[in-house]
Amino acid sequence: MTPEQIQWIEALRSGRYEQGTIYLEQDNKFCCLGVACDLFAKETRTIEEGLVKYAREAETAPAKVVKILRLRNQFGHIENFDKDLTDMNDGGKTFNEIADFIVSNPDRVFLNEKQP
């Protein structure tokens with residue numbers, strides 16, 4: 001795993017972020033990808049139409065975060081799985097459970113160095 005991926009996992013486990021659903025960040029509650037946005041796209045954080053957005057995205061990870069973490073797509077697609085990270089988050093998995101899944105399945109969550 002890359003240093004950025006490890007930093008994200010540590011942030012999910014840190015207890016610093018209150019978990020929310022649907023949006024990257026709303027009412028100071030974050031989805032798992034919103035935590036990544038807070039770490040890696042904080043400078044693009046704005047409030048538009050009453051929603052917190054990162055690089056104008058409110059519900060999906062912006063391209064910058066996808067690239068930094070080498071995610072498969074903006075929803076955190078999981079290879080050979082019928083759900084993505086946003087589904088896990090919104091379906092009731094805790095940040096610790098999501099972090100455990102990622103650590104146990106990095107090749108399914110992240111692109112490897114040879115993949116574009």
Side-chain angles (χ1 to χ4, degrees):
M1 291 178 61
T2 68
E4 293 83 6
Q5 293 164 350
I6 293 167
Q7 184 181 355
W8 178 40
I9 297 300
E10 289 172 351
L12 288 172
R13 290 184 169 151
S14 71
R16 290 186 317 233
Y17 293 92
E18 186 174 352
Q19 191 168 3
T21 58
I22 311 293
Y23 298 107
L24 295 170
E25 178 188 351
Q26 184 178 39
D27 299 326
N28 208 33
K29 294 180 183 177
F30 296 79
C31 82
C32 61
L33 296 179
V35 172
C37 291
D38 189 60
L39 293 172
F40 304 114
K42 200 174 232 174
E43 74 279 359
T44 66
R45 184 184 185 276
T46 58
I47 297 178
E48 300 173 31
E49 302 164 13
L51 289 175
V52 174
K53 295 184 178 183
Y54 294 87
R56 298 166 108 153
E57 297 291 341
E59 298 177 24
T60 61
K64 176 182 180 177
V65 171
V66 171
K67 183 176 180 180
I68 288 171
L69 290 177
R70 301 193 50 74
L71 294 171
R72 295 180 176 279
N73 71 12
Q74 70 274 21
F75 298 99
H77 173 73
I78 301 165
E79 188 174 61
N80 299 321
F81 200 61
D82 63 344
K83 295 183 179 185
D84 51 43
L85 295 177
T86 58
D87 291 328
M88 291 176 77
N89 185 90
D90 295 350
K93 297 290 184 191
T94 67
F95 283 162
N96 280 322
E97 290 171 323
I98 294 168
D100 289 345
F101 179 86
I102 295 168
V103 168
S104 297
N105 299 279
D107 293 342
R108 294 174 63 197
V109 175
F110 304 117
L111 295 171
N112 66 42
E113 292 180 16
K114 295 176 184 171
Q115 293 171 303

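FYI, side chains are in, hydrogens and waters are out, and symmetry mates aren't considered; it's all heavy atoms of this structure.
Linking ILVMFWY side-chain heavy atoms closer than 4.5 Å, directly or via other members, places Val65 and Tyr23 in two distinct hydrophobic clusters. Both Ile6 and Leu69 sit in one connected hydrophobic cluster of ILVMFWY residues. Membership requires side-chain heavy atoms under 4.5 Å apart, directly or through other members. At a threshold of 4.5 Å between side-chain heavy atoms, the hydrophobic network of Ile, Leu, Val, Met, Phe, Trp and Tyr places Val109 and Val103 in one connected group. By the criterion of side-chain heavy atoms lying less than 4.5 angstrom apart, applied directly or through intervening Ile, Leu, Val, Met, Phe, Trp or Tyr residues, Leu24 is not grouped with Phe75; the two fall into different hydrophobic clusters.
Here the shortest heavy-atom pairing between Met1 and Pro106 reads CG-CB, 4.1 Å. The minimum heavy-atom distance between Ala11 and Arg16, with the atom names listed, is CB-NH2, 3.7 Å. The minimum heavy-atom distance linking Lys53 with Ala58 is given by the pair CG-CB, 3.8 Å.
For the pair Arg108 (side chain) and Asn80 (backbone), a donor-acceptor distance under 3.5 Å is present. When atom types are taken as modelled, the side chain of Gln5 and the backbone of Thr2 share a donor-acceptor pair closer than 3.5 angstrom. Here the side chain of Arg45 pairs no donor or acceptor atom with the backbone of Cys37 at under 3.5 angstrom. Remark: side-chain polar atoms of Trp8 are not paired, donor with acceptor, to backbone N or O of Leu33 under 3.5 angstrom. Remark: side-chain polar atoms of Thr46 are not paired, donor with acceptor, to backbone N or O of Glu48 under 3.5 angstrom. Under a 3.5 Å cut-off, the side chain of Thr21 and the backbone N or O of Asp90 do not form any donor-acceptor pair. Between the side chain of Asp84 and the backbone N or O of Gly76 there is no donor-acceptor pair closer than 3.5 Å.
Between Leu39 and Gln7, some side-chain heavy-atom pair lies under the 4.5 Å cut-off.
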Assess whether salt bridge (charged side-chain N to carboxylate O under 4.0 Å, His left out) is satisfied between Arg70 and Glu4, documenting all intermediate values. CA-CA 10 Å; Arg70 301 193 50 74; Glu4 293 83 6; over 6 Å; no

Evaluate the criterion salt bridge (charged side-chain N to carboxylate O under 4.0 Å, His left out) for residue pair Asp87 and Lys93; output intermediate values, then yes/no. CA-CA 9 Å; Asp87 291 328; Lys93 297 290 184 191; over 6 Å; no

Determine, step by step, whether Leu51 and Glu59 satisfy the side-chain contact (heavy atoms from CB on, under 4.5 Å) criterion, reporting the C-alpha distance in whole Å, the side-chain angles of both residues, the deciding distance to 0.1 Å, and the verdict. CA-CA 10 Å; Leu51 289 175; Glu59 298 177 24; 5.7 Å; no

For Asn73 and Val66, run side-chain contact (heavy atoms from CB on, under 4.5 Å): C-alpha distance rounded to whole Å, both residues' side-chain angles, the deciding distance at 0.1 Å, then the answer. CA-CA 6 Å; Asn73 71 12; Val66 171; 5.9 Å; no

Derivation of the side-chain contact (heavy atoms from CB on, under 4.5 Å) call for Tyr17 and Leu12: CA-CA 7 Å; Tyr17 293 92; Leu12 288 172; over 6 Å; no

Using the rule given for side-chain contact (heavy atoms from CB on, under 4.5 Å), can you reason through Cys32 versus Phe95, listing the C-alpha separation, both sets of side-chain angles and the distance that settles it, and then say yes or no? CA-CA 7 Å; Cys32 61; Phe95 283 162; 4.1 Å; yes

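Side-chain atoms of Asn96 and Thr94 form no donor-acceptor pair, as typed in the model, at a separation below 3.5 Å. The closest side-chain donor-acceptor pair between Asn89 and Gln19 falls under 3.5 angstrom.
Phe101 has its ring centre less than 6.0 Å from the ring centre of Phe81.
One finds the NZ atom of Lys67 at 12.5 Å from the CG atom of Leu111 (value rounded to the nearest 0.5 Å). Atoms CG and CZ, from Leu85 and Arg72 in turn, are 11.0 Å apart once rounded to the nearest 0.5 Å.
Atom NZ of Lys83 sits in a sparse spot, with 12 or fewer heavy atoms from other residues, nucleotides or ligands closer than 6.0 Å.
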